[in-house]
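Below you'll find the structure, written out as structure tokens, and then a few comments.
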Number of protein chains: 2
Amino acid sequence: MDSLLEAAAQVLESEGFEKMTTTKVALRAGASVGSLYQYYPSKDALLHALFERKTERLRARFAASLAATEGQGLEARVRALIETLFLEKATRSRLGVELARQAPRLEKERLIERLSEDIHRAVHAVLDAHADEVGVADRELASWLVVHGVVGIADAAMLGPPARLRDPVFISAVTEHVLDALRVARLPSAR
Amino acid sequence: MDSLLEAAAQVLESEGFEKMTTTKVALRAGASVGSLYQYYPSKDALLHALFERKTERLRARFAASLAATEGQGLEARVRALIETLFLEKATRSRLGVELARQAPRLEKERLIERLSEDIHRAVHAVLDAHADEVGVADRELASWLVVHGVVGIADAAMLGPPARLRDPVFISAVTEHVLDALRVARLPSAR
DNA sequence: CTAGAATGTGAATCATCCTTCACGTTCCAC
DNA sequence: GTGGAACGTGAAGGATGATTCACATTCTAG
């Protein structure tokens, strides 16, 4: 059932993995352990499902963000992507952190890698589409660096005040930072 | 004893936290569980000690790296810092990941935050010292973004081939990327 | 209405460690 | 050489928590 999954998400979010017991999850969902095992044959099965839900959602948001800015300028598109990432990281952040913590044990690394590759590819496409504004030589590498750099920034920001990731001023600053790295000094002949 | 700590590091590194039992650690150190508890009164005590060792080392490497490039140019110093970070992330990377995973439970977040603040401050100082080469307005913010951006890049690189973090070509690319963001178009009057 | 299926229940089972402790063994001061 | 302090040992204790299963309860088709 779906309420079981949501209950699992809530317990995981509020108590962390170590204190998330199958009994607590079942009770929170208004069911009993037995029922839980009817739908999810193991505690890990719950986590797998949560993983699915989370990555699905992130994928969808990115796609939507790209679609919504189709045809716009480089800055607008980069900003939209950054905003989307920050927003996703900010929503249920504890849940995200706990899931990430369990990723190795659940062998979800491949899945995560694939996800970040897809994002990388999307960013790469955006850079290519605005090649005239991008001064760096290797756009493939640049997009990889930018994606993971921004993820690192998001992760660090999560540790501070949670509002920061939604602060337009902060988002603008990060966007500018990224664009600075991409545009490079665009003089007729280098240096 | 020190061999106990090293044994703990090895077990943690090769098996991960969930499979790291106190008995295994003791045996690997050539001792018995009882002896282990003589020196480390709990399993967590071992982890605390490992944390200490790891952060101590990182701090020392950074300090050394800064000292070694004292007086050199911006690029050389930035590169040295990046190289140091990558090297540290690459050494015993699994150990580092497992420790980071346990950080919340051990309440080591404050410690980690302090560490990254110190690094942030050091980078900020470097940028200030080379203010003439740095085009961004807010060097404080820029150093924060750079530090966490590079950390994110390092974390992502760790998932790929381990050699990448030690590859001079890769390090150069990241350095350039960072410098591009910092130098910005340095025209007499903006834009 | 009623048999049987589907679904729900939660106490009991089972496995896994961390931790303790009663009992060696080693080492040193005298 | 000897008493006892320091150190070492590993089987047993206890806790915790996932999972099972014998037994309700609810639903549905006929």
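Here is how names work: the chains are called A, B, and so on, in the same order as the sequence lines, proteins then strands, and each is numbered from 1.
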Give the table of side-chain donor-acceptor pairs shorter than 3.5 Å for residues 24-32 of chain A, with sequence neighbours excluded, one pair per line with atom names and distance.
unit_1: A:Lys24; atom_1: NZ; unit_2: A:Glu15; atom_2: OE1; d: 3.2
unit_1: A:Lys24; atom_1: NZ; unit_2: A:Lys19; atom_2: O; d: 2.8
unit_1: A:Arg28; atom_1: NH1; unit_2: A:Gln10; atom_2: OE1; d: 3.1

Check the pair B:Leu141 / B:Val136 against side chain to side chain contact (heavy atoms under 4.5 Å, CB included), numbers first and verdict last. CA-CA 9 Å; B:Leu141 175 60; B:Val136 296; over 6 Å; no

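- When rounded to the nearest whole Å, the span between CD of B:Glu15 and P of C:dT16 equals 15 Å.
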Determine, for nucleotides 9-28 of chain D in 5'-to-3' order, which nucleotides have protein heavy atoms under 4.0 Å from the base (write B), from only the sugar-phosphate (write S), or from neither (write -). BB-------SBB--------

Could you write out each protein N or O paired with an N or O of nucleotides 12-15 of chain C at a distance under 3.5 Å?
none

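- Among residues two or more places apart in sequence or in another chain, the side-chain hydrogen bond (donor to acceptor under 3.5 Å, both in side chains) test is passed with B:His130 by none.
- When rounded to the nearest whole Å, the span between CG of B:Leu4 and C1' of D:dG8 equals 11 Å.
- A salt bridge links A:Arg101 with A:Glu98: the distance from a Lys NZ or Arg NE/NH1/NH2 to an Asp or Glu carboxylate oxygen falls below 4.0 Å.
- A donor-acceptor pair is defined here as one N or O able to donate and one able to accept, closer than 3.5 Å; no such pair exists between the side chain of A:Arg139 and the backbone of A:Val134.
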Audit row: B:Leu47, B:Arg105, side chain to side chain contact (heavy atoms under 4.5 Å, CB included) steps and yes/no: CA-CA 11 Å; B:Leu47 295 176; B:Arg105 208 172 48 76; 3.8 Å; yes

For a side chain to side chain contact (heavy atoms under 4.5 Å, CB included) check, start with the C-alpha distance between A:Leu99 and A:Phe17, then their side-chain angles and the critical distance, and finish with the verdict. CA-CA 8 Å; A:Leu99 283 177; A:Phe17 178 76; over 6 Å; no

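- A donor-acceptor contact shorter than 3.5 Å links the side chain of B:His148 to the backbone of B:Trp144.
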Hey, mind stepping through A:Thr69 and A:Arg77 against side-chain hydrogen bond (donor to acceptor under 3.5 Å, both in side chains) and telling me if it holds? CA-CA 6 Å; A:Thr69 57; A:Arg77 301 205 85 185; 3.2 Å; yes

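- Across all strands shown, A:Tyr39 has heavy atoms under 4.0 Å from sugar-phosphate atoms exclusively, and none from any base.
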Return all side-chain donor-acceptor pairs below 3.5 angstrom for residues 155-168 of chain B, not counting sequence neighbours, or 'none' if the list is empty.
unit_1: B:Asp155; atom_1: OD1; unit_2: B:Lys89; atom_2: NZ; d: 2.8
unit_1: B:Asp167; atom_1: OD1; unit_2: B:Val169; atom_2: N; d: 3.0

Dump every N/O contact between nucleotides 25-27 of chain C and the protein below 3.5 Å, one line per pair.
none

